[in-house]
2 protein chains.
Amino acid sequence: MLASERAYLRLREDIVSGRLAPGTALGEVEQAARLGVSRTPLREALRRLGAEGLCVIGKGRTYTVSAISPDDVRHLFELREALECQAARLAAMRGQQAIFAGLAQRFGEAAALLSPEDPEHANYYRLVADLDAALDEAMASPAIQRALSSLRSQVARARRLSKDDHARLVQAAREHQMIAGAVADGDATLAAQATAIHLRASLDAILAALAETTDHDPVVDPTPGTPA
Amino acid sequence: MLASERAYLRLREDIVSGRLAPGTALGEVEQAARLGVSRTPLREALRRLGAEGLCVIGKGRTYTVSAISPDDVRHLFELREALECQAARLAAMRGQQAIFAGLAQRFGEAAALLSPEDPEHANYYRLVADLDAALDEAMASPAIQRALSSLRSQVARARRLSKDDHARLVQAAREHQMIAGAVADGDATLAAQATAIHLRASLDAILAALAETTDHDPVVDPTPGTPA
DNA sequence: TTGAGGCCAGATGTATACATCAGGACGGAC
DNA sequence: GTCCGTCCTGATGTATACATCTGGCCTCAA
């Protein structure tokens with residue numbers, strides 16, 4: 001695998017997981033040494049992360065891990081709403097009905113996937129990923145796909161802030177079922193509205209979790225570097 | 001100015017203007033020599049252009065100037081609609097009424113700016129840019145701003161395909177007036193709808209021009225390189 | 001003649017040396 | 001004592017040498 005790709009993936013994972021806390025300076029030499037690549041591919045990784053918003057140009061020319069305040073999450077979801085509602089609309093107009101009918105049914109049975117035996121909810125999240133992939137293919141709009149993929153790592157980071165309690169996940173499954181159902185019916189307006197509702201509920205869940213956590217705990221692991 | 005920035009700006013200009021035709025291979029050594037920089041900053045420029053969609057990774061690892069077929073333009077506008085309608089909505093909710101009222105009035109008088117004495121319509125386009133900037137500031141959503149700025153160079157390229165005939169520009173001015181007016185009124189729904197209408201009309205104008213041109217002329221100047 | 005296989009040219013990917021710049025610390029002058 | 005200017009240190013920006021890969025062409029065998 002390309003060194004620049006490795007560096008990008010590892011840095012992204014480190015930022016999304018919180019191992020690299022917001023505000024951490026990402027020096028080229030330091031990170032290159034840490035990840036075992038030279039500065040050239042690392043620079044490329046850094047620029048990609050910058051384009052995705054995971055890090056920003058601080059003072060001077062240095063990159064720092066971007067913050068993720070409640071307002072940042074709100075702004076992120078404003079973009080998500082624009083993109084995903086449009087995606088749902090287009091998918092409803094262009095997608096194959098059968099695929100989304102099947103997904104809707106699977107979401108209807110999703111409560112079973114949310115058993116406490118699987119604390120990671122791997123099966124459930126695979127189902128969500130399947131819906132995302134189906135929407136991606138159905139909307140058939142490369143430009144929106146690209147914008148969305150650019151957004152996903154930040155969304156993943158935001159989701160980490162939310163506590164996936166059982167009640168929320170059951171409700172989220174219902175929301176997803178509604179989206180898939182509307183797309184299956186070819187109802188573009190309803191699909192967009194269902195998406196908007198889901199995003200609003202997700203945002204509220206994240207903000208609620210954030211409000212709790214910030215009172216007594218740092219949002220993320222504040223460890224700046226790694227123990228060599 | 002940084003060499004990477006120079007390379008980026010020149011390559012972007014060359015692609016948007018059509019001097020580098022769609023399908024042109026962008027070899028690192030060749031372009032680095034042409035622009036008088038070394039491969040390192042040129043690579044960075046190439047990656048930025050790739051992220052914006054102005055060039056794509058062809059076979060092997062080579063970059064080529066992206067195509068811009070009617071379908072590409074349609075896809076581009078699907079994304080534009082999602083982003084700009086949301087931007088208009090947010091601006092209507094957050095913007096300062098007076099600014100947009102002033103812009104609406106200026107668009108109402110825009111017909112005077114479209115005199116045949118100014119074939120470039122510089123004054124008119126400055127007004128459009130003012131509206132864009134006002135919306136940018138009013139929506140106060142960094143994420144959407146970033147996505148939009150990433151899109152602008154492709155929009156500029158698409159606009160080059162359209163013939164700015166007088167009738168269309170007059171109509172476009174009315175559409176812009178409507179957007180500014182709706183934002184001034186704080187009417188988010190109307191602002192989004194006015195934006196959608198404007199984008200639809202712009203798209204139709206581009207597609208019509210494209211359909212005409214492709215019948216007897218290449219879409220862009222097919223000169224691949226420069227005469228040393 | 002046609003297909004497969006390997007060789008070669010030229011590209012991209014990476015590492016590193018050098019140039020340049022920004023921030024801070026130190027010292028001197030007022 | 002404080003403020004300003006200079007120097008220094010360490011970073012980023014750039015150029016280039018080297019490694020690696022890709023694709024095409026040529027050769028050879030069936």
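Scope of the values below: all heavy atoms of this structure, side chains included, with no hydrogens, waters or symmetry mates. Predicted model, so just to flag it, every value in this text is computed and none were measured. Reminder, nothing fancy here: chain letters follow the sequence lines and each chain counts from 1.
Ring geometry, B/Phe107 versus B/Tyr124: the interplanar angle exceeds 60°, so the pair is classed perpendicular (tilted spans 30 to 60°).
No side-chain donor-acceptor contact under 3.5 Å links B/Ser150 and B/Glu52.
Separating the CG atom of A/Leu35 from the P atom of C/dT14 is a distance of 13 Å, rounded to the nearest angstrom. With rounding to whole Å, A/Arg6 atom CZ is found 12 Å from C/dG13 atom C1'. Atom-to-atom, CG of A/Leu2 to C1' of D/dT22 comes out at 13 Å; the value is rounded to the nearest Å. Between B/Met1 atom CE and D/dT14 atom P there is a gap of 11 Å when expressed in whole angstrom units. Between A/Tyr63 atom OH and D/dA11 atom P there is a gap of 17 Å when expressed in whole angstrom units.
Judged by a 6.0 Å distance limit and a 45° cone about the ring axis, A/Arg74 is not positioned over the six-membered ring of A/Phe77.
Closest to the A/Glu28 side chain, of the nucleotides D/dG13, C/dT14, C/dT12, is D/dG13. Comparing atom distances between the B/Arg39 side chain and each of C/dA17, D/dA17, D/dA11 picks out D/dA17 as nearest. Comparing C/dT12, D/dA15, D/dA11 by their nearest atom to the side chain of B/Ser38 picks out D/dA15.
For the pair B/Val29 and A/Gly36, nearest-nucleotide mapping onto DNA chain C gives the more 5' position to B/Val29.
The side chain of A/Ser4 contributes no N or O atom lying less than 4.0 Å from OP1 or OP2 of C/dG13.
Contact check of residues 40-59 of chain B against DNA chain D (heavy atom, cut-off under 4.0 Å) returns B/Thr40, B/Pro41, B/Lys59.
A 6.0 Å sphere centred on CD of B/Gln96 holds no more than 12 heavy atoms belonging to other residues, nucleotides or ligands.
The shortest distance between side-chain heavy atoms of A/Arg43 and A/Thr40 does not fall below 4.5 Å. Taking the side chain as every heavy atom from C-beta outward, B/Arg48 and B/Glu5 approach each other to under 4.5 Å.
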